[in-house]
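In listed order, ligands and their atoms are each counted from 1. Quick caveat: nothing in here was measured; it's all calculated off a predicted structure. Numbers here simply count residues along the sequence, with the first being 1.
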Amino acid sequence: MASSPVHGSVRLTQDQILLRDAVRVLANERVAPRAAEIDKTGEFPQDLRRLLAAQSVFAIPFAERHGGLGADLLTLALAIEQLSRHCATTGLMLAVQALGAIPIQVAGSEEQQERWIPGLASGEKMIAFALTEADAGSDPGGIRTRAVRDGDEYVITGSKRFISHASVADYVVVFAVTNPDADKPSRRLSAILVETNRPGFKVTRLEHKMGLRGSPTAELAFDGVRVPVGNRLGAEGQGFAIAMQTFERSRPGIAAQAVGIAQGALEVAAKYATERRQFGKPIGDLQMVQAMLADMDAGTEAARHLLYTACQEIEAGSPEAARWAAICKLVAGDNAMRVTTDAVQVLGGYGYVEDFPVERMMRDAKITQLYEGTQQIQRLIVARSLLSPR
Ligand SMILES: Cc1cc2nc3c(=O)[nH]c(=O)nc-3n(C[C@H](O)[C@H](O)[C@H](O)COP(=O)(O)OP(=O)(O)OC[C@H]3O[C@@H](n4cnc5c(N)ncnc54)[C@H](O)[C@@H]3O)c2cc1C
């Protein structure tokens, strides 16, 4: 399934196909057998982290001069999709490593990139992206964490909520207020990389979640954490712009996670429909079941097609990058929720219990409608692009 090199206008290159197929084999053979256990224990799978590092999967989005594979956004999406087909937590490992690194790639100096990117590309170091606070989710204008300049250091004080991987990361890119009196709320923030071994940095809580249970989601406290000014990415006051630029390149990763989850659920449901017999025949012979499967397939193929196109448009420097990123996350996230819900329906009562993976996939799908901007926020971005003068 999905092995054709052609996706409408998107024709994958030989390199993209080779990499996708290599990650697919890794996912089938090494990730799939671990997925149910990761969900059950809620433990971050360090073994799979080491596997992705050893197989150079973390290296995909990084420049060759920093030890990466120098691959494009579409190649990264193909890898996240294949991992998420079996395990959304493992797919997110790759997506968050990219999410945390993008601020360094888009705003970091060459010296900063040389300092931090090679460790991320090899998978030896992990990174997190800390924008959200308890009272500032969809509206980052409400961020209260402060970074106050003291000589050649910043002193960071405040807290962050819902930060993926922060409890296992070596670095956290923190968005903090450096310019409280800026003329616009969007000029108040700066992006600062904090090493998590600095005094005053604390993980104060880990969330118990509906899905994505192997991926740690942390609450963080910054109690006067001192970092050199040289850890700031970009200029003071550019933090909001850096965060928005980051989302233009990271949201396709969440769309890829959503396409992978949907594809995984579709494959389980289609197989089940050929095996489960009722009324003396396989349920796959029943037209209402066939219709569900056909809609699941059509929706997932449409989301995939949109995702691949979005990746190419963003990589090509489209002036509508924010719209492409929002539109692919919106469509793929909603499709993943619909398809996983229908997969549970196709399996009947068996879909609702943990003997089959579709109930886990349904719980995992929900997060793709929430993080990196809720679906409502994606709609706002698409509408803004549609209604603003060109
Ligand atoms: C598992 C998990 C992992 C996460 N990982 C990270 C991470 O790594 N880094 C990070 O910084 N954050 C992370 N987040 C935070 C996530 O991005 C936020 O939860 C999300 O942006 C929504 O913010 P909120 O939860 O405060 O909801 P709110 O902003 O309070 O929204 C509540 C509801 O109001 C709606 N709403 C809000 N504003 C508008 C509007 N203007 N128009 C219409 N509707 C609106 C929302 O769509 C939503 O339905 C993570 C969250 C979770 C659950």
Inset, instruction - Tell me yes or no: between the side chains of R85 and Q263, is some donor less than 3.5 Å from an acceptor? - result: no
Legend entry - Polar contact flag for T217 and ligand 1 (N/O pairs, less than 3.5 Å): no
Legend entry - Note, R187 side chain near N179 side chain (heavy atom, < 4.5 Å): no
Inset, instruction - Please determine if F162 has a nitrogen or oxygen closer than 3.5 Å to a nitrogen or oxygen of ligand 1. - result: yes
Legend entry - Atoms of ligand 1, numbered as shown, that sit under 4.0 Å from any heavy atom of S138: 23 (O), 28 (P), 29 (O), 31 (O), 37 (C), 38 (N)
Inset, instruction - Please say whether Q376 places an N or O atom under 3.5 Å from an N or O atom belonging to ligand 1. - result: yes
Inset, instruction - Let me see the working for H165 and F44 under ring-ring contact (aromatic ring centres under 6.0 Å, His included), right down to the final yes or no. - result: CA-CA 9 Å; H165 292 183; F44 179 70; 5.5 Å; yes
Legend entry - S164-ligand 1 polar pair, N/O distance under 3.5 Å: yes
Legend entry - Heavy atom of the protein closest to atom 9 (N) of ligand 1 (residue, atom name, distance): F129 O, 2.8 Å
Legend entry - Under-4.0 Å protein heavy-atom contact, atom 37 (C) of ligand 1: yes
Under 3.5 Å, side-chain donor or acceptor atoms of residues 328-344 against the rest of the protein: list the pairs with distances, not counting sequence neighbours.
unit_1 : atom_1 : unit_2 : atom_2 : d
K329   : NZ     : T368   : O      : 2.9
K329   : NZ     : Y371   : O      : 3.3
K329   : NZ     : G373   : O      : 2.8
K329   : NZ     : Q375   : OE1    : 2.9
D334   : OD1    : Q369   : NE2    : 2.8
D334   : OD1    : Q375   : NE2    : 2.9
D334   : OD2    : R379   : NH2    : 3.0
N335   : ND2    : T300   : OG1    : 3.2
T340   : OG1    : A336   : O      : 2.7
T340   : OG1    : M337   : O      : 3.2
T341   : OG1    : M337   : O      : 2.6

Inset, instruction - Give a yes or no on whether M244 atom CE has more than 12 heavy-atom contacts from other residues, nucleotides or ligands under 6.0 Å away. - result: yes
Legend entry - Exercise check, heavy-atom protein proximity under 4.0 Å to atom 3 (C) of ligand 1: yes
Inset, instruction - Write out the residue and atom name of the closest protein heavy atom to atom 18 (C) of ligand 1, then the distance separating them to 0.1 Å. - result: T132 OG1, 4.2 Å
Legend entry - Nearest protein heavy atom with distance in Å, relative to atom 42 (N) of ligand 1: L380 CD1, 3.8 Å
Legend entry - Protein heavy-atom partner closest to atom 53 (C) of ligand 1 - residue, atom, separation in Å: I367 CD1, 3.5 Å
Inset, instruction - Assess whether atom CD of E275 is packed by more than 12 heavy atoms of other residues, nucleotides or ligands within 6.0 Å. - result: yes
Inset, instruction - Using a cut-off of 6.0 Å, state whether more than 12 heavy atoms not belonging to E195 lie near its atom CD. - result: yes
Legend entry - Residue pair S215 / K209: nearest heavy atoms and the distance that separates them: O-NZ, 2.6 Å
Legend entry - Carboxylate-amine/guanidinium contact R65 E114, below 4.0 Å: no
Legend entry - For E372, the ligand 1 atoms whose distance to one of its heavy atoms is below 4.0 Å: 17 (O)
Inset, instruction - Run the numbers for me: atoms of ligand 1, each under 4.0 Å from some heavy atom of L370, listed by number. - result: 20 (C)
Inset, instruction - Kindly confirm or rule out a cation-pi arrangement of R276 over Y272, judged by NZ or CZ under 6.0 Å from the six-membered ring centre and within 45° of its axis? - result: no
Legend entry - Protein contact for atom 30 (O) of ligand 1 (heavy atom, distance under 4.0 Å): no
Inset, instruction - From atom 23 (O) of ligand 1, work out which of G137, A243, G211 has a heavy atom at the shortest distance. - result: G137
Inset, instruction - Identify, for atom 39 (C) of ligand 1, the protein heavy atom at the shortest distance, and state residue, atom and that distance. - result: I377 CD1, 4.0 Å
Inset, instruction - Measure from the side-chain N and O atoms of R213 to the backbone N and O of D39, and report whether any donor-acceptor pair falls under 3.5 Å. - result: yes
Side-chain donor-acceptor distances from residues 222-229 under 3.5 Å, at least two apart:
unit_1 : atom_1 : unit_2 : atom_2 : d
R226   : NH1    : D150   : OD2    : 3.0
R226   : NH1    : E153   : OE1    : 2.7
R226   : NH2    : D150   : OD2    : 2.9

Inset, instruction - Please determine if L131 has a nitrogen or oxygen closer than 3.5 Å to a nitrogen or oxygen of ligand 1. - result: yes
Legend entry - K209 N/O under 3.5 Å from ligand 1 N/O: no
Inset, instruction - Could you tell me whether atom 6 (C) of ligand 1 has at least one protein heavy atom nearer than 4.0 Å? - result: yes
Inset, instruction - Measure the distance from atom 48 (C) of ligand 1 to every protein heavy atom, then report the residue, atom name and distance (to 0.1 Å) of the closest one. - result: T374 CG2, 4.1 Å
